[in-house]
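Let me begin by presenting the structure, written as structure tokens, before commenting on it.
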Amino acid sequence: MVKFADIKGFIFDLDGVIADTSSFHTTAWHQLADKVGAPWSQELEDGLKGISRMDSLEMILNAGGLSNNYTDEEKQALAEEKNTNYLALVDQMTPADIFPGVKEFLESLEDNHYKISLASASKNGPRVLAKLGLTDYFPNVVDPSTLMKGKPDPEIYIKGAEILGLKPEECIGIEDAAAGIEAINAANETSIGIGSKQLLSEADMVFANTEELTLDNIKANMN
Ligand code: BG6
Ligand code: MG
């Protein structure tokens with residue numbers, strides 16, 4: 001692992017790291033799976049985390065052997081319907097929904113002159129940040145519509161370092177999903193998992209929740 005002293009930037013996932021929007025995605029996808037008659041499982045739920053909208057839809061349809069039952073236009077309409085249901089939940093959020101410790105962590109990063117970027121697969125990232133009152137912390141957001149490949153491909157985390165003018169080795173990526181940790185590791189950055197040690201076993205370090213996400217705790221895990 002690189003040394004803490006070499007770190008210059010932090011690249012954040014959004015859903016499930018900054019706020020509980022991951023559960024909103026789950027709710028909206030589960031609703032859609034029920035509608036099309038695809039079976040839901042814990043494995044599918046975990047596997048969808050970090051995955052782009054259209055790839056998520058394919059995974060759900062495949063779970064029910066339904067992928068060939070829909071045209072591309074019908075798939076677009078299904079994804080749009082899920083997004084409408086998801087946004088209805090997002091629009092109820094306020095800054096009180098930021099996960100505990102996240103704002104304090106962002107402030108400590110600014111105080112210590114670290115660079116910050118967002119590497120969320122979500123096209124709704126800027127809208128979620130606005131609802132949470134966090135837009136000003138994230139002048140650098142990777143636009144997921146510019147990506148050739150979604151997580152677990154490293155592209156989004158490589159771009160997350162590039163927009164900061166940093167080398168991947170100088171960056172730490174923070175994720176709640178196994179696909180995201182895989183992406184960070186493949187980008188040659190240091191990975192922090194937030195959540196279950198079992199699900200995020202490939203991460204360089206795992207914190208159970210965002211309250212534990214502090215520069216002191218990260219430093220203690222690196223030196
Ligand atoms: C990721 C979420 O951050 O964004 C996934 O973990 C979601 O669950 C993906 O499917 C795409 O989000 P959106 O908002 O563009 O549909
Ligand atoms: Mg996430």
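Along the sequence shown, the residues carry numbers beginning at 1.
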Can K75 and L61 be said to form a side-chain contact (heavy atoms from CB on, under 4.5 Å), step by step? CA-CA 10 Å; K75 287 180 184 177; L61 293 176; 3.9 Å; yes
Say whether V36 and L57 are linked into one hydrophobic cluster, either directly or through other cluster members, by side-chain heavy-atom distances under 4.5 angstrom. yes
Between F12 and the options Y137, F99, F138, the ring-ring contact (aromatic ring centres under 6.0 Å, His included) test singles out F138
Ignoring hydrogens and angles, tell me if any N or O in the side chain of S52 forms a donor-acceptor pair with the backbone of G150 under 3.5 Å. no
Measure across A121 and G50 and return the closest heavy-atom pair with its distance rounded to 0.1 Å. CB-O, 3.7 Å
How about T214 and D216: does a side-chain donor come under 3.5 Å of a side-chain acceptor? no
Quick check: closest heavy atoms across L14 and G125, and the distance to 0.1 Å? CD2-CA, 3.5 Å
Donor-acceptor under 3.5 Å (S117 side chain, G160 main chain): yes
Between A187 and P168 the two heavy atoms that sit nearest each other are O-CB, 3.1 Å
Any chance you could lay out the side-chain contact (heavy atoms from CB on, under 4.5 Å) test for K131 and D91, step after step, and finish with the verdict? CA-CA 7 Å; K131 292 299 293 181; D91 285 343; 4.1 Å; yes
Do V2 and M222 come within less than 4.5 Å of each other through their side chains, counting heavy atoms only? yes
Surrounding CD of E202 (heavy atoms of other residues, nucleotides or ligands, distance under 6.0 Å), is the total greater than 12? no
Would you say that more than 12 heavy atoms from the other residues, nucleotides or ligands in this model lie under 6.0 Å from the CD of E74, or not? yes
Less than 3.5 Å apart, any donor N or O on the side chain of D111 or S108 sitting next to an acceptor on the other? no
With a 4.5 Å cut-off on side-chain heavy atoms, are C171 and K8 touching? no
If every non-hydrogen atom of A19 is compared with every non-hydrogen atom of L132, which pair is closest and at what distance? CB-CD1, 3.8 Å
Any heavy-atom pair between the side chains of V142 and I163 that's under 4.5 Å? yes
For the backbone of S145 and the side chain of D143, can you confirm whether one donor and one acceptor N or O come within less than 3.5 Å of each other? yes
State whether a side-chain donor-acceptor pair under 3.5 Å links E175 with Y157. yes
Could you go through I172 and E189, starting from their C-alpha distance and side-chain angles, then the distance that decides it, and tell me whether this counts as side-chain contact (heavy atoms from CB on, under 4.5 Å)? CA-CA 6 Å; I172 289 181; E189 295 164 2; over 6 Å; no
Can you tell whether the side chains of E170 and K115 come within less than 4.0 Å, N to carboxylate O? no
Measuring only between side-chain heavy atoms, which start at C-beta, is I60 closer than 4.5 Å to L48? yes
Hey, is K151 close enough to D13 for a salt bridge, meaning N to O under 4.0 Å? yes
Closest non-hydrogen atoms of A203 and G193, given as atom of the first, atom of the second and distance, are CB-N, 3.8 Å
What distance separates F207 CZ from L200 CG, expressed to the nearest 0.5 Å? 12.5 Å
Find out whether L164 and I116 are in side-chain contact, i.e. whether some heavy atom of one side chain is under 4.5 Å from a heavy atom of the other. no
Could you tell me whether the side chain of W29 reaches within less than 4.5 Å of the side chain of E45, counting heavy atoms only? no
Does any non-hydrogen side-chain atom of N185 lie less than 4.5 Å from one of D204? yes
How long is the gap from CD on E104 to CG on L213, to the nearest 0.5 Å? 10.5 Å
If we ignore hydrogens and angles and just use 3.5 Å, is the side chain of N83 paired with the main-chain N or O of A79 as donor and acceptor? no
Starting at NE2 of H25, measure out to CG of N85 and round the result to the nearest 0.5 Å. 12.5 Å
Hey, does Q76 have a side-chain heavy atom less than 4.5 Å from the side chain of T71? no
Ignoring hydrogens and geometry, is there a side-chain-to-backbone donor-acceptor pair from S191 to I181 under 3.5 Å? no
When clusters are formed by joining ILVMFWY residues with side-chain heavy atoms under 4.5 Å apart, either directly or through shared neighbours, do I158 and I184 land in the same one? no
Answer yes or no: is there a donor N or O on one side and an acceptor on the other, between the side chain of D34 and the main chain of Q31, under 3.5 Å? no
Following the transitive rule for hydrophobic clusters with a side-chain heavy-atom cut-off under 4.5 Å over Ile, Leu, Val, Met, Phe, Trp and Tyr, establish whether V102 and I192 coincide in one cluster. yes
What is the distance from atom NZ of K167 to atom CG of N188, rounded to the nearest 0.5 Å? 11.5 Å
Side-chain heavy atoms nearer than 4.5 Å, only ILVMFWY residues, links allowed to pass through others: does that put L166 and V141 together? no
Heavy-atom nearest pair, K159 first then T146, reads NZ-O, 3.4 Å
Under 3.5 Å, side chain of D20 to main-chain N/O of G16, donor-acceptor pair present? no
Could you grab the distance from atom CD1 of I174 to atom OG1 of T190, nearest 0.5 Å is fine? 11.0 Å
Do L89 and I98 land in one hydrophobic cluster if side-chain heavy atoms of ILVMFWY residues count as linked below 4.5 Å? yes
In this structure, NZ of K82 is separated from CG of L78 (nearest 0.5 Å) by 12.5 Å
Can you confirm whether the side chains of Q42 and D46 place a donor and an acceptor under 3.5 Å from each other? yes
Taking the basic N atoms (NZ, or NE/NH1/NH2) and the acidic carboxylate oxygens, is any pair closer than 4.0 Å for D15 and K49? no
Using only atom types and a distance under 3.5 Å, with no angle test, would you say the side chain of T21 pairs donor to acceptor with the backbone of F24? no
Derivation of the side-chain contact (heavy atoms from CB on, under 4.5 Å) call for F105 and F10: CA-CA 11 Å; F105 182 59; F10 285 79; 3.9 Å; yes
